[in-house]
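Everything on this sheet refers to the single structure shown next.
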Amino acid sequence: MKAISVRQPWAWAIIYALKNIENRGWPIHYRGDILIHAAKTCTKKEYFEAKEFCQSMGVVIPELISLRRGQVIGIVTCHNSRLQVFTSCIWLGDGWAIPLASGESARNYADSLHWATGDF
């Protein structure tokens, strides 16, 4: 199964706050289930910028210390990426937009397969 690394708190937002677009500087030619890996690195500046952005939309994210990092935190369905020029989607940045759907926490997914979750 494929995985994509995403910095926190964006990884959390994909799984728990209905963030349905991941932005990349390159296309991903893949469709299907993809694991969301929460990257180990996240600066306080990055966290507070993301927190402010999310709060402006009414999304309250957990404190940085409580966000899981360096592990798979969930699974989503990935649709083909596409280059976006403009859109009304609140999550859209520059470059390639990867539409995501059906976020599920890794613990729920692992439990359904009788897997263990944890650090990698």
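Predicted model, so just to flag it, every value in this text is computed and none were measured. We count residues from 1, following the sequence as given.
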I need the minimum non-hydrogen distance between Glu46 and Cys42, along with the two atoms involved. OE1-CA, 3.4 Å
Pair Tyr47, Arg7 - check side chain to side chain contact (heavy atoms under 4.5 Å, CB included), show working. CA-CA 9 Å; Tyr47 171 79; Arg7 289 185 183 230; over 6 Å; no
Of all the heavy-atom pairs spanning Gly74 and Ile15, show the shortest one and how long it is. CA-CD1, 3.6 Å
Nearest-0.5 Å distance, NZ of residue Lys2 to CG of residue Asp33: 13.0 Å
Could you tell me which residues satisfy salt bridge (Lys or Arg N to Asp or Glu O under 4.0 Å) with Lys44, sequence neighbours excluded, listed by chain and number? none
d(Glu49 CD, Lys45 NZ) to nearest 0.5 Å is 5.0 Å
Distance from Ser5 atom OG to Lys40 atom NZ, nearest 0.5 Å? 11.5 Å
ILVMFWY cluster, Val60 and Tyr16 together (side-chain gap under 4.5 Å): no
Nearest 0.5 Å please: distance from the SG atom of Cys54 over to the CH2 atom of Trp12. 7.5 Å
Would you indicate whether the side-chain heavy atoms of Ile75 and Met1 approach each other to under 4.5 Å? yes
When Ile4 is tested against each of Ile36, Leu35, Ile14 for side-chain contact (heavy atoms from CB on, under 4.5 Å), which residue passes? Ile36
Working to the nearest 0.5 angstrom, can you tell me the gap between Gln8 CD and Arg68 CZ? 8.5 Å
About how many Å separate CD1 of Ile61 and NZ of Lys19, when rounded to the nearest 0.5 Å? 12.0 Å
